[in-house]
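These figures come from a predicted structure and were not determined experimentally.
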Amino acid sequence: MAVRGSVLLYNFKDKERTDKVKFIFVLMGIKIKTVEKEDYLQKIGALAGVEGIERTEEIYEGEGFDEEMLVLNHLTDPQMNRMLAYLKKEGLQIPLKAALTPTNVHWNTLELHNELVREHEEMQKMIVAKRAGGKEEENRNDGK
C-alpha cells in the first residue's frame, strides 16, 4: 500500500489564505495537520506521524514565531510540482517550506523554523547579489 502524503501547517491565521491552502491539499488528496504552538518542541517526525518517532510530554510555552510554514511529507515530485503550481496560481507565497528528510525528522519545530529562516535569508542575499551583478553588467554595456 502506498504511503499517503501529508502536510503540517503552521500559523495559517488568515481564513481566506487558510481555506485556499487547505483546498489545494484536499484537492490533491494530501492529509492536513495544523500544528499548534504547544507542540513546537515535538519532533517533526512525531507530528507527521512517522513510525518509530513518538511524541513526548513536552509543552512549548514560549513566544513561537508568526510566519506561515509548511512541512511536506511523502509527496512525490509530480505532487510537489503540482502543489507549487497551485500555490502560484492562487498567488500564495509561503517562503518557509520544507520536505521531511532523514535529518529534519528528528528536529523540533523551532529548530526547523530557524534553519528555514536562515536558508531563506541566504537565498534572498543571493538574489539581491545576482540582481546587483546584472545591473552592473547592464551599466557597463550602456557605457559602450
Asks: Check whether any side-chain heavy atom of M69 lies under 4.5 Å from a side-chain heavy atom of T109, and answer yes or no.
Replies: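 In contact.
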Asks: Tell me the closest heavy-atom pair linking R17 and Q93, and the distance in Å.
Replies: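 Taking R17 first and Q93 second, the nearest heavy atoms are NH2-O, 3.2 Å.
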Asks: Using modelled atom types and a 3.5 Å cut-off, is there a donor and acceptor pairing between side-chain atoms of N108 and backbone atoms of E111?
Replies: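 Yes, because the side chain of N108 sits within donor-acceptor range (under 3.5 Å) of the backbone of E111.
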Asks: Please check: side-chain N/O of Q79 versus main-chain N/O of T76, any donor-acceptor pairing under 3.5 Å?
Replies: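 Yes.
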Asks: What closest approach, in Å, do A99 and N104 show between heavy atoms, and which atom pair accounts for it?
Replies: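 Taking A99 first and N104 second, the nearest heavy atoms are O-ND2, 3.0 Å.
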Asks: What's the separation between atom CD in E16 and atom CD in E90, rounded to the nearest 0.5 Å?
Replies: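 That separation rounds to 9.5 Å.
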Asks: Under a 4.0 Å N-O cut-off, is there an ion pair linking E121 with R118?
Replies: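 No, E121 and R118 are not salt-bridged.
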Asks: Classify the ring geometry between Y10 and F65 as parallel (under 30°), tilted (30 to 60°) or perpendicular (over 60°).
Replies: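 Correct class here is tilted.
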Asks: Apart from F23 itself, what residues make up its hydrophobic cluster, given side-chain heavy atom links below 4.5 Å?
Replies: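 Noted: F23 shares its cluster with V7, L9, F12, V21, I24, F25, V26, L27, M28, I30, I32, L70, L72, L75, M80, M83, L84, Y86, L87, L92, I94.
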Asks: Calculate, to the nearest 0.5 Å, the distance between atoms CG and OG1 belonging to L47 and T34 respectively.
Replies: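 L47 atom CG to T34 atom OG1 measures 11.5 Å (nearest 0.5 Å).
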Asks: How many angstroms lie between NZ in K13 and CG in D66, if you round to the nearest 0.5 Å?
Replies: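 With rounding to 0.5 Å, NZ (K13) is 6.5 Å from CG (D66).
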Asks: Which heavy atom of S6 sits nearest to which heavy atom of A48, and what is that distance?
Replies: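 Closest heavy-atom pair between S6 and A48: OG-O, 4.3 Å.
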Asks: Donor-acceptor pairs under 3.5 angstrom involving side-chain atoms of residues 36-44: please list them, not counting sequence neighbours.
Replies:
from : atom 1 : to  : atom 2 : distance (Å)
K37  : NZ     : G62 : O      : 3.3
D39  : OD1    : R55 : NH2    : 2.7
Y40  : OH     : N11 : OD1    : 3.4
Q42  : OE1    : T56 : N      : 2.7
Q42  : NE2    : T56 : O      : 3.0
Q42  : NE2    : T56 : OG1    : 3.2
Q42  : NE2    : E58 : O      : 3.0

Asks: Can you tell me how far CD1 of I127 sits from NZ of K125, rounded to the nearest 0.5 angstrom?
Replies: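 Interatomic distance, K125 NZ to I127 CD1, rounded to 0.5 Å: 13.0 Å.
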Asks: Any chance you could pull the hydrophobic cluster mates of M126, using side-chain heavy atoms under 4.5 angstrom and chaining through other members?
Replies: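 Taking Ile, Leu, Val, Met, Phe, Trp and Tyr as members, M126 shares its hydrophobic cluster with M123.
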Asks: Working note: L100 + H74, criterion side-chain contact (heavy atoms from CB on, under 4.5 Å); need CA distance, chi angles, decisive distance, verdict.
Replies: CA-CA 8 Å; L100 200 63; H74 288 295; over 6 Å; no
Asks: Quick one: does L96's side chain get under 4.5 Å of E68's, heavy atoms only?
Replies: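 No. Closest side-chain heavy atoms not under 4.5 Å.
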Asks: Any chance you could measure E115, atom CD, to L110, atom CG, to the nearest 0.5 Å?
Replies: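 That separation rounds to 13.5 Å.
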Asks: Pair L8, N73 - check side-chain contact (heavy atoms from CB on, under 4.5 Å), show working.
Replies: CA-CA 8 Å; L8 301 176; N73 184 27; over 6 Å; no
Asks: Tell me if the NZ atom of K97 is crowded by more than 12 foreign heavy atoms within 6.0 Å.
Replies: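 Yes, the 6.0 Å shell around NZ holds more than 12 heavy atoms from other groups.
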